[in-house]
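Report on one structure; see the data block that follows.
Computed from heavy atoms alone, side chains included, the values below leave out hydrogens, waters and symmetry copies. Residue numbers begin at 1 in each chain, while the letters A, B, ... track the order of the sequences.
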2 protein chains.
Amino acid sequence: MTTGIGNSPGRTSYRHGDLRRALIGAGVTLAQEGGPNAVVLREATRRVGVSPNAAYRHFADRQALLDAVCSHCQALVARAIEADQATVPPTDSIESARLRFRAVGTGYLRFALEEPGQFQTAFSASSDMESATSAARAGDSGFTPFQLLTLALDDLVAVGLLPAERRPATEFLAWSAVHGLAELFIDGPLRALPDSVKQDLITRVVDMVEQGL
Amino acid sequence: MTTGIGNSPGRTSYRHGDLRRALIGAGVTLAQEGGPNAVVLREATRRVGVSPNAAYRHFADRQALLDAVCSHCQALVARAIEADQATVPPTDSIESARLRFRAVGTGYLRFALEEPGQFQTAFSASSDMESATSAARAGDSGFTPFQLLTLALDDLVAVGLLPAERRPATEFLAWSAVHGLAELFIDGPLRALPDSVKQDLITRVVDMVEQGL
DNA sequence: ATCGAATGTGTACGTTGTACACATAATGAG
DNA sequence: CTCATTATGTGTACAACGTACACATTCGAT
């Protein structure tokens, strides 16, 4: 019975039905529990209820699985950003653009604090500029975290909050500041800071970026 | 023969003489070649010419070895910063303070580009605020990278370039921006950028920090 | 109905971290 | 100097991991 798609562990059918997706799901959970190093191929297959080698029908090797998990985690980051952006009121279009820009940073950092393992995995190795815009890493809006940042900056220029001549490469500056704080929070020296201090630092880093661009 | 201290691999004596230091050295080389994950206990012992278990007389486990390697790598970062700071002329004390502050960022990022594996290892896990000021991680001046940054900021306040009321927590803001760029360079999406663009981004990030504090 | 392609299993090997028992060298007390 | 103690290195062993190879089962097209 239950020969259909999406068999759970403990299935009776020989075929799984959707093993690739199931393995990625298990991998995302492992990433959540312990970061990229915890994404262990054998453990993923175990949780899905399949033999270790079954994974090789869907992924060339462990790294390929990790890459897929990484993409999935980046999509989660995108969703976190979108969620923060969704809260800004569309009253004033200038102030709105400013707040939507800030929401990229706060959403990014909120996710880093809420799901450190997945965040670390999202940006662990193997992502170059091409893959930073790949569809597998997009959120509900269809944009990757990097694209959401780029769009927010374009809007800043459009409403006149950022001079066009300063625009080039600003995504990398903004990203650096926010990503760096996330790293220092997660396994850097700021790990043990009380949450209120962390929240304050988030605000101040985004302030710095807004002022420093 | 050669029963003294500091036996090399291929030694004839039963005792090694300075195994702890030798293992850290091998670990630092491994870190240089492949980052924190390449710091493999058995490989370190192999390179030193000793049986795997000999390491356990000097380190509780692999993590303890990695921690020591990490400290050593942070000391290398400190030295890189000190080297950049040493190049600023002491003519104008105000301009000098400003340049010494910038040198913290440029030295940090230069090291990240020159020795990505060691840089990654230096800031991989297990360092909290106490250990960020531990002596094992200091450079020639006796200061850790974090302490060098703190001192540079204090100087900025002393010469009047940074208002005292803005001083608190600025080390974390500056560190975030610079550390984030380093991470994006090393295994983030900026990995494949041509070197000239990277150099430009370094300047612009330090500009942003200087302006945004 | 049958054959090939897709997908899962079983067995096996090399590597890693590490526990436990043992061997040997340095050191200090008599 | 002798000898016991302590520090340090070795040998064997085991579980877990990634993954190669051969085999089994099922799906789909003819």
Pairing residues for [X] by the side chain to side chain contact (heavy atoms under 4.5 Å, CB included) criterion, not counting sequence neighbours:
| X | result |
| --- | --- |
| B:Pro194 | B:Ser196, B:Val197 |
| A:Asp207 | A:Arg102, A:Thr203 |
| A:Asp200 | A:Arg204 |

What is the distance, rounded to the nearest whole Å, between atom [atom1] of [X] and atom [atom2] of [N]?
| X | N | atom1 | atom2 | result |
| --- | --- | --- | --- | --- |
| B:Leu65 | C:dT18 | CG | C1' | 14 Å |
| A:Arg47 | D:dC17 | CZ | P | 11 Å |
| A:Glu43 | D:dA15 | CD | C1' | 14 Å |
| B:Asp18 | D:dT8 | CG | P | 11 Å |
| B:His16 | D:dA7 | NE2 | C1' | 15 Å |
| A:Arg20 | C:dA6 | CZ | C1' | 15 Å |
| A:Arg46 | C:dT9 | CZ | P | 14 Å |
| B:Leu23 | D:dT8 | CG | P | 13 Å |

Set of residues satisfying ring-ring contact (aromatic ring centres under 6.0 Å, His included) with respect to A:Phe101, sequence neighbours excluded: none

Which residues pass the ring-ring contact (aromatic ring centres under 6.0 Å, His included) test with A:Phe111, sequence neighbours left out? none

If the cut-off is 4.0 Å, is A:His58 near the phosphate of C:dG8, judged by side-chain N/O to OP1 or OP2? yes

Position toward the 5' end of DNA chain C (nearest nucleotide), B:Val40 or A:Leu19: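 Result of the comparison: A:Leu19.
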
What string of B, S and - do you get for nucleotides 19-24 of chain D, 5' to 3', when a contact is any protein heavy atom under 4.0 Å? BBBBBB

Where does the angle between the aromatic ring planes of A:His179 and A:Phe119 fall among parallel (under 30°), tilted (30 to 60°) and perpendicular (over 60°)? tilted

